[in-house]
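Computed from a predicted structure; not experimentally measured.
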Amino acid sequence: MPEGPTIKILQEQLQPFVGRQITAADGYAKGIAPHSLQGHTIIDIKAWGKQLLICLDNQLTIRVHMGLFGSYRINDRGKRNASLGLKFDGDEVNFYISNIKLIAEPLDTVYDWTADVMNPAFDIKKARKKLLARPEAMICDLLLDQQLFAGSGNIVKNEVLFRARVHPANIIENLPPRKLTELIQTTIDFCADFYRWKKQNSLRKNLQAHEKQECPRNHIPFKKADLGKTKRHCYYCEICQILYE
DNA sequence: GGGAATGTTCACTA
DNA sequence: CTAGTGAACATTCC
């Protein structure tokens, strides 16, 4: 059940598999013939947003997207059948409830690396432009837009809005220019924290807003509402998170 | 046991 | 045609 930072951790955990040959593959995922992977060597493992990218020696890339329920095991198996299982000499990697696709195009033509919140190449100025290009959109929707913030999910959205003291229902054109930049920077900063906490297995206890009952600043109950076009749960404080007009 | 949860796409409807 | 809605995917946790 991963957002970008989790995928980044997975990507790093899989680095030892670069240079290894897939000796067998199985899985029920549609859109891929596991057998066709057999014999190929992994030449690189990348991540873009919530997607894991396993690059093979035949110009193809296995794209793994774990959606809401997905999970993975390295040298271990879950209870259910895997969407995709990759076997190596003595090792295995299993993905569960994952959307698996093969990508034939060069990755640089498919992915904008400067939009990935976990990539050092993330471009704040470009993000600003993309936000300003959608003046009528709600900030809570745009923080989930993978073209703007690849890797950001509902946890990131709620925590960033709380940290920046911005009400989720703000529309872009009403936000003060400085607030926009602050929101983008806060997203990058929070994702770095998310990554660190997740590695320490302490993500949950460090969250301040997502699925919380009350505002840690004012100790009043958080509002919980499905806002915007995305209609995902927003947790926010009506006192300290400002709705600009 | 019911409901909700870190997500996205697609079919259907008005 | 388009915007909006809901289903589908299928698991885990409370």
Side-chain angles (χ1 to χ4, degrees), chain A residues 1-13 26-32 47-53 62-73 76-85 94-103 110-112 115-118 134 136-138 140-163 168-169 171 186-213 222-236:
Chain A
M1 300 175 265
E3 295 191 20
T6 309
I7 298 301
K8 183 76 188 165
I9 292 168
L10 171 59
Q11 180 219 337
E12 290 171 1
Q13 289 175 333
D26 58 33
Y28 65 81
K30 295 172 196 163
I32 192 168
W48 185 84
K50 296 165 188 166
Q51 307 180 24
L52 178 76
L53 304 165
I62 309 170
R63 190 205 77 156
V64 180
H65 194 301
M66 309 212 260
L68 194 55
F69 311 128
S71 61
Y72 66 91
R73 304 286 184 98
D76 190 16
R77 290 182 192 183
K79 292 176 186 170
R80 311 296 174 120
N81 291 335
S83 303
L84 178 65
N94 296 299
F95 300 102
Y96 300 91
I97 322 182
S98 297
N99 186 309
I100 312 284
K101 269 188 187 149
L102 277 182
I103 299 176
V110 180
Y111 296 105
D112 176 4
D116 180 354
V117 295
M118 293 310 293
R134 301 179 56 189
E136 312 277 318
M138 272 190 194
C140 63
D141 284 334
L142 294 191
L143 279 169
L144 293 173
D145 188 321
Q146 300 301 295
Q147 298 309 311
L148 273 82
F149 300 101
S152 171
N154 212 31
I155 293 178
V156 172
K157 174 193 82 179
N158 280 316
E159 294 295 318
V160 165
L161 290 170
F162 178 74
R163 275 195 185 185
I171 61 170
T186 303
T187 304
I188 300 306
D189 293 346
F190 175 75
C191 286
D193 286 338
F194 187 134
Y195 169 84
R196 211 176 64 247
W197 292 330
K198 184 80 185 176
K199 279 221 255 194
Q200 298 167 348
N201 227 343
S202 66
L203 176 67
R204 216 89 205 173
K205 76 167 189 214
N206 279 296
L207 298 183
Q208 297 183 93
H210 185 76
E211 291 185 333
K212 299 296 175 187
Q213 298 299 314
F222 269 126
K223 274 277 176 191
K224 182 181 171 184
D226 298 342
L227 303 180
K229 292 190 176 179
T230 46
K231 291 183 180 154
R232 302 288 307 277
H233 289 350
C234 294
Y235 298 83
Y236 57 98

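Applying the 6.0 Å contact sphere to CD of Q213(A) captures no more than 12 heavy atoms from other residues, nucleotides or ligands. Remark: N201(A) CG is loosely packed, at most 12 non-hydrogen atoms of other residues, nucleotides or ligands lying under 6.0 Å away. Counting non-hydrogen atoms of neighbouring residues, nucleotides and ligands closer than 6.0 angstrom, the NZ atom of K223(A) reaches no more than 12 such neighbours.
Residue contacts shown for Y235(A) are limited to sugar-phosphate atoms, with no base heavy atom under 4.0 Å away. Here K79(A) lies out of heavy-atom contact (under 4.0 Å) with every strand. Contact annotation for K30(A): no contact, since no heavy-atom pair falls under 4.0 Å across all strands.
Of the inter-residue distances, the one linking I155(A) atom CD1 with N158(A) atom CG reads 8.5 Å to the nearest 0.5 angstrom. I171(A) CD1 to E136(A) CD: the interatomic distance, rounded to the nearest 0.5 Å, is 5.5 Å.
Dashed line: the shortest gap from a side-chain N or O of Q146(A) to OP1 or OP2 of dT8(B) is under 4.0 Å. Proximity of H65(A) to the phosphate of dT8(B): a side-chain N or O atom is located under 4.0 Å from OP1 or OP2. The phosphate of dA5(B) has neither OP1 nor OP2 within less than 4.0 Å of any side-chain N or O from R232(A). For the OP1/OP2 pair of dA4(B) and a distance below 4.0 Å, the side-chain nitrogens and oxygens of H233(A) include no atom meeting the criterion.
One can place CE of M66(A) at 16 Å from P of dA10(C), the figure rounded to the nearest angstrom. Taking atom CG of N99(A) as the reference point, atom P of dT11(C) lies 15 Å away to the nearest angstrom. Atom CH2 of W197(A) and atom C1' of dT6(B) are 15 Å apart (whole Å). Distance, K8(A) NZ to dT6(B) P: 24 Å, rounded to whole Å. At whole-Å resolution of the value, OH in Y96(A) and P in dC13(C) are 14 Å apart. Whole-Å rounding puts the I9(A) CD1 to dT6(B) P distance at 18 Å. Here dG7(B) presents its P atom at 11 Å from CZ of F69(A), a figure rounded to the nearest Å. In this structure, I7(A) places its CD1 atom 16 Å from P of dT6(B), rounding to the nearest Å.
Note: F222(A) and F162(A) have perpendicular aromatic rings, judged against thresholds of 30 and 60 degrees for the angle between ring planes. Between Y72(A) and F95(A), the ring planes lie tilted relative to each other; the angle falls in the 30° to 60° range.
Both Y28(A) and K229(A) lie close to DNA chain C; mapped to their nearest nucleotides by heavy-atom distance, the more 5′-ward contact belongs to K229(A).
Under the 4.0 Å criterion applied to side-chain N and carboxylate O atoms, D193(A) and R163(A) are assigned as salt-bridge partners.
When each of dT6(B), dT11(C), dT8(B) is scored by its nearest atom to the side-chain atoms of K50(A), the top-ranked nucleotide is dT8(B). Here the side chain of R80(A) is nearest to one of dT11(C), dA5(B), dT8(B), namely dT11(C).
Comparing dA7(C) with dA4(B), their P atoms sit 13 Å apart, to the nearest whole Å.
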Response to the item:
For DNA chain C, the expected dot-bracket line (Watson-Crick or G-U under 3.5 Å, [ ] crossing, | inter-strand) is .||||||||.||||
